[in-house]
Enquirer: 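Sending over a structure as C-alpha cells; questions will come in a sec.
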Amino acid sequence: QVQLEESGGGLVQAGGSLRLSCAASGRTFSRNNMAWFRQAPGKEREIVAGIRWSGGATYYGDSVKGRFTISRDNDKNTVDLQMNSLKPEDTAVYYCAADLTWRPLGGMATSANDYDSWGQGTQVTVSS
C-alpha cells in the first residue's frame, strides 16, 4: 500500500499560481503511476494530470494543458503539480492518487476507478 498526503492548497487570485505537493510512503512508490484528480461541488472527480512510474510520460486533462505541470521525484517519494494561470473554474478539492497496478509496458489510467490509494485532498480556491 501507499499512503499519500497532499499540501500546498489555498486561495489565489485568477491568473496566479500554486504548487501542490504529495508525499508518499510505501515501498512501491517508484513503480506506481501517479495522478492528480480534482472534484468541484456537484461534479464528478476528474483527472487533472498523470505521470508514469519512470517519469518518462505524462498526461494532462484538456482544461489544464499548457497551464499545469506534473513532476515526480522517486528519491524523495513526492509528486508535485505546478499550477499556473489559474482560473476560477480550477476551484476544487485536489487529490493525489496512486495506481498500484504495475504497468511496465506503458499506458496510464485516467479513470478514478483505476487508482487504489488516495490522499485526503487539499482545497484550491481561485477568486475572480
Side-chain angles (χ1 to χ4, degrees):
Q1 273 288 358
V2 175
Q3 287 75 47
L4 305 171
E5 183 172 1
E6 304 96 337
S7 61
L11 173 64
V12 65
Q13 288 189 332
S17 298
L18 279 176
R19 188 176 184 89
L20 305 183
S21 186
C22 175
S25 60
R27 294 184 298 174
T28 66
F29 176 79
S30 62
R31 293 161 59 96
N32 301 141
N33 290 353
M34 299 293 296
W36 285 94
F37 285 78
R38 68 185 181 188
Q39 188 166 20
K43 295 189 176 181
E44 292 187 356
R45 192 169 295 191
E46 64 172 355
I47 189 168
V48 175
I51 188 166
R52 280 187 49 78
W53 58 272
S54 63
T58 56
Y59 169 89
Y60 294 96
D62 288 341
S63 62
V64 306
K65 283 180 182 176
R67 300 188 297 124
F68 291 11
T69 303
I70 189 170
S71 61
R72 68 186 295 161
D73 186 330
N74 285 347
D75 291 330
K76 296 181 179 179
N77 278 18
T78 58
V79 57
D80 292 347
L81 184 69
Q82 178 66 41
M83 305 186 295
N84 298 328
S85 302
L86 283 161
K87 305 175 180 180
E89 50 264 43
D90 294 318
T91 295
V93 177
Y94 283 70
Y95 297 91
C96 178
D99 176 2
L100 300 185
T101 299
W102 173 228
R103 303 181 192 272
L105 301 181
M108 186 182 309
T110 58
S111 169
N113 292 332
D114 292 318
Y115 286 79
D116 310 283
S117 294
W118 293 84
Q120 81 287 354
T122 186
Q123 177 71 45
V124 171
T125 302
V126 184
S127 62
S128 57

Enquirer: Going by side-chain heavy atoms closer than 4.5 Å, which hydrophobic residues are tied to Val48, directly or by a chain of links?
Expert: Val2, Leu4, Val12, Leu18, Leu20, Phe29, Met34, Trp36, Ile51, Tyr60, Val64, Phe68, Ile70, Val79, Leu81, Met83, Leu86, Tyr94, Leu100, Val124, Val126
Enquirer: Are Asp90 and Lys87 within salt-bridge range, i.e. N to O under 4.0 Å?
Expert: no
Enquirer: Over all heavy atoms of both residues, which pair between Tyr115 and Ala109 is shortest? Give the atoms and the distance, please.
Expert: OH-O, 2.7 Å
Enquirer: How far does CD of Gln123 sit from OG1 of Thr91, to the nearest 0.5 angstrom?
Expert: 7.0 Å
Enquirer: Going from OG1 on Thr58 to NZ on Lys65, what distance comes out if it is rounded to the nearest 0.5 angstrom?
Expert: 10.0 Å
Enquirer: About how many Å separate CG of Asn33 and OG1 of Thr101, when rounded to the nearest 0.5 Å?
Expert: 9.0 Å
Enquirer: Do Ser63 and Arg38 touch side chain to side chain, with heavy atoms closer than 4.5 Å?
Expert: yes
Enquirer: Between atom CD of Gln13 and atom OG of Ser128, what is the distance when rounded to the nearest 0.5 Å?
Expert: 9.5 Å
Enquirer: Could you work out, with ring pair (Phe, Tyr, Trp, His ring centres under 6.0 Å) as the rule, every residue matching Tyr95, not counting sequence neighbours?
Expert: none
Enquirer: How about Gln3: does its CD atom have over 12 heavy atoms from other parts shown lying under 6.0 Å from it?
Expert: yes
Enquirer: Keeping Arg67 on the side-chain end and Ser85 on the backbone end, is there a donor-acceptor pair under 3.5 Å?
Expert: yes
Enquirer: Would you say the side chain of Trp53 lies within less than 4.5 Å of the side chain of Asn32, judging by non-hydrogen atoms?
Expert: no
Enquirer: Does any donor atom in the side chain of Asp80 or Gln82 lie under 3.5 Å from an acceptor atom in the other side chain?
Expert: no
Enquirer: For side chain to side chain contact (heavy atoms under 4.5 Å, CB included), just list the numbers for Arg45 and Trp118, CA-CA rounded to whole Å, side-chain angles, deciding distance to a tenth of an Å, and then say yes or no.
Expert: CA-CA 12 Å; Arg45 192 169 295 191; Trp118 293 84; 3.3 Å; yes
Enquirer: Looking only at atom types and distance, does a side-chain atom of Arg103 sit under 3.5 Å from a main-chain N or O of Arg52, one as donor and one as acceptor?
Expert: no
Enquirer: For Gln120, is there any backbone N or O sitting under 3.5 Å from a side-chain donor or acceptor partner on Glu6?
Expert: yes
Enquirer: As an exercise, state the distance from CG of Asn77 to OG of Ser30, rounded to the nearest 0.5 Å.
Expert: 7.5 Å
Enquirer: Ignoring hydrogens and geometry beyond distance, is a side-chain donor-acceptor pair present between Glu5 and Ser7 at under 3.5 Å?
Expert: no
Enquirer: Minimum heavy-atom separation for Asn84 to Ser17, with atom names?
Expert: OD1-OG, 2.9 Å
Enquirer: I need the Asp99 CG to Asp114 CG distance, nearest 0.5 Å.
Expert: 6.5 Å
Enquirer: Minimum heavy-atom separation for Gly50 to Met108, with atom names?
Expert: C-SD, 3.4 Å
